[in-house]
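One structure is given here, and the rest of the page talks about it.
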Amino acid sequence: HTNFSRLPLSEVDRVAAFCRQEGIQIFHSHNTRASHFGALLKVRHGVHSIAHLHANHPQLHAWFHDRVLAVSKDTLTCHRYYLAGLGKKGAVLVNFVDPKQFRPSEGRGDALRALLQVSAETPVVVVIGEICSRKGQDLAMQAWPGVLRMHPDAQLVFIGQGSLPDNLLKARGVTVLGHRNDISELLPHATICLVPSRDEPFGLVAIEAMACGVPVVASAVSGLADIVARGAGASYPATDTRALSQVLTELLSDTQARAKLAAVGLD
């Protein structure tokens, strides 16, 4: 165990000694704190280091690793632009999901609608992720009234840490479930998984939904646009709430279109 403390250097030295003792040759890091720690291990002790980039903003530690992986082409392009010295050290290695955990409902009871206490026929659009500006839950709320005009019984469900402003919570058909540990049980029963992010280097929830056989609607930003390309999901211009409302309305009205998106996503 380590807290990745970089100063004083005693923790870096301790981990380096452990690597030598156990014959560990490569340190593979995934978040910024760990990646800075890995860069120090490389520079100070020669432990080979691989950093996996999950964000588009420049991170100076990327210069010091043996290899830098990025979750999408867009993320790698951003780092190559900001860090000219990155050169050939960069490569794309996308995120993945465990199909044993995220899978179609296959006759399992509808835990989502049971939790919401709505009928089996009720359309449910889920948005999963920390409630914050980057994830765009406020954009989903702005688009929702247009959806209700055609689908007055539809439900918009937010799953994730954080809270919406009180005035938005009064909107019809909107529920905030907060943080959940049973997303893999709830997600397969969603009618649509919406990913309205303003910025998204990858968008793990999109492929989790695809693995569950749930059609995805996503903003066309960053790596998220690559995920839903070629018919794996429906996209719309980021922050365009009118276009978002239209896409949701049309898909909720078209069972065959949703089934086609789900099939391509599973494939």
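Checked by atom type and distance alone, the side chain of D66 pairs as donor or acceptor with a backbone atom of S49 at under 3.5 Å. With hydrogens and angles ignored, the 3.5 Å screen pairs no side-chain donor or acceptor of R134 with any backbone N or O of E130. At least one donor-acceptor pair under 3.5 Å links the side chain of S219 to the backbone N or O of S197. In this structure a side-chain-to-backbone donor-acceptor pair under 3.5 Å is present from R113 to H189. Judged by distance alone, the side chain of R80 and the main-chain N or O of G90 form a donor-acceptor pair under 3.5 Å. With Q137 contributing its side chain and P196 its backbone, the two residues share no donor-acceptor pair below 3.5 Å. A donor-acceptor pair under 3.5 Å links the side-chain atoms of H79 to the main chain of H57, judged by distance alone. At distances below 3.5 Å, at least one donor-acceptor pair connects side-chain atoms of S245 with backbone N or O atoms of A143. A donor-acceptor pair under 3.5 Å is absent between the side-chain atoms of R6 and the main chain of H36, judged by distance alone.
The shortest side-chain heavy-atom distance between E200 and K135 falls under the 4.5 Å cut-off. The shortest side-chain heavy-atom distance between L53 and L69 does not fall under the 4.5 Å cut-off. Residues Q59 and H54 are not in side-chain contact: their nearest non-hydrogen atoms beyond the backbone lie 4.5 Å or more apart. V157 has its side chain out of reach of V127: every pair of non-hydrogen atoms, C-beta onward, lies at least 4.5 Å apart. Put simply, the side chain of L251 reaches to within 4.5 Å of the side chain of L261, judged on heavy atoms. Using a 4.5 Å cut-off on side-chain heavy atoms (C-beta onward), M210 and E208 make no contact. Residues V174 and F158 meet the side-chain proximity criterion, which asks for heavy atoms closer than 4.5 Å. R172 has its side chain within reach of L148: a pair of non-hydrogen atoms, C-beta onward, lies under 4.5 Å apart.
S222 is linked by a side-chain hydrogen bond (donor to acceptor under 3.5 Å, both in side chains) to N56, D74, D199, counting only residues two or more places apart in sequence or in another chain. Not a single side-chain hydrogen bond (donor to acceptor under 3.5 Å, both in side chains) links R33 to another residue, sequence neighbours left out. Residues passing the side-chain hydrogen bond (donor to acceptor under 3.5 Å, both in side chains) test with R242, sequence neighbours excluded: none.
Hydrophobic clustering, defined by side-chain heavy atoms of Ile, Leu, Val, Met, Phe, Trp and Tyr closer than 4.5 Å, groups V12 together with F4, L7, L9, V15, F27, F37, L40, L41, V47. Residue F18 is found in a hydrophobic cluster whose other members, listed by chain and number, are I24; membership requires side-chain heavy atoms under 4.5 Å apart, directly or through intermediates.
Considering every non-hydrogen atom in both D254 and A257, the closest pair reads OD1-N, 3.0 Å. Between L252 and P123, the shortest heavy-atom contact is CD2-CB, 3.9 Å. Closest heavy-atom contact between G146 and T249: O-OG1, 3.8 Å. Here the closest non-hydrogen pair linking V205 and C193 is CG2-SG, 4.1 Å. A243 and P237 get closest at one heavy-atom pair: CB-CD, 4.1 Å. Scanning both residues, I227 and A206, for their nearest heavy atoms gives CG2-CB, 4.1 Å.
Rounding to the nearest 0.5 angstrom, the gap separating the CD atom in E185 from the SG atom in C212 is 9.0 Å. The distance from atom CZ of F64 to atom NZ of K42, rounded to the nearest 0.5 Å, is 10.0 Å. With rounding to the nearest 0.5 angstrom, the CG atom of L156 is 7.0 Å from the CG atom of L194. With rounding to the nearest 0.5 Å, the separation of CD1 in I26 from SG in C19 is 11.0 Å. Note that CD1 of I159 and CD1 of I128 are 4.5 Å apart. Values are rounded to the nearest 0.5 Å. Rounding to the nearest 0.5 Å places OG1 of T32 at 11.0 Å from CG of L60.
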Can H151 and S253 be said to form a side-chain hydrogen bond (donor to acceptor under 3.5 Å, both in side chains), step by step? CA-CA 8 Å; H151 302 279; S253 303; 2.9 Å; yes
Set out, in order, the CA-CA distance, both residues' side-chain angles and the distance that settles side-chain contact (heavy atoms from CB on, under 4.5 Å) for V92 and L76, then state yes or no. CA-CA 7 Å; V92 176; L76 182 59; 3.8 Å; yes
Give the intermediate values and the outcome of side-chain contact (heavy atoms from CB on, under 4.5 Å) for residues M150 and Q246. CA-CA 10 Å; M150 288 293 294; Q246 182 177 351; over 6 Å; no
I50 and V68: CA distance, side-chain angles, deciding distance, side-chain contact (heavy atoms from CB on, under 4.5 Å) verdict: CA-CA 6 Å; I50 297 175; V68 173; over 6 Å; no
side-chain contact (heavy atoms from CB on, under 4.5 Å) assessment of L139 paired with T239: CA-CA 7 Å; L139 300 174; T239 74; 4.1 Å; yes
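Cluster membership check: I207 does not share its hydrophobic cluster with L266, using side-chain heavy-atom separations under 4.5 Å among Ile, Leu, Val, Met, Phe, Trp and Tyr. V217 and V264 end up in different hydrophobic clusters when Ile, Leu, Val, Met, Phe, Trp and Tyr side chains are linked at under 4.5 Å. Each of V147 and V214 belongs to its own hydrophobic cluster when Ile, Leu, Val, Met, Phe, Trp and Tyr are linked at side-chain heavy-atom distances under 4.5 angstrom. Both L244 and L164 belong to a common hydrophobic cluster when Ile, Leu, Val, Met, Phe, Trp and Tyr are linked at side-chain heavy-atom distances under 4.5 angstrom.
For the residue pair H52/S35, the side-chain donor-acceptor check at 3.5 Å is not satisfied. N3 and H1 form no side-chain donor-acceptor contact under 3.5 Å, judged by distance and modelled atom types alone.
In E106, the CD atom is crowded: over 12 heavy atoms of neighbouring residues, nucleotides or ligands sit closer than 6.0 Å. Summarising the local packing, NE2 of H48 is surrounded by 12 or fewer heavy atoms from other residues, nucleotides or ligands at distances under 6.0 Å. Enclosure of atom CD in Q21 by more than 12 non-hydrogen atoms of other residues, nucleotides or ligands within 6.0 angstrom is indicated.
A salt bridge links D138 to R198: one of the charged nitrogens lies within less than 4.0 Å of a carboxylate oxygen. Between D182 and R180 there is a salt bridge, since at least one side-chain N of the basic residue sits less than 4.0 Å from a carboxylate O of the acidic one.
Legend: salt bridge (charged side-chain N to carboxylate O under 4.0 Å, His left out) pairs involving residues 8-27, not counting sequence neighbours, sorted by first then second residue: E11-R14, D13-R44.
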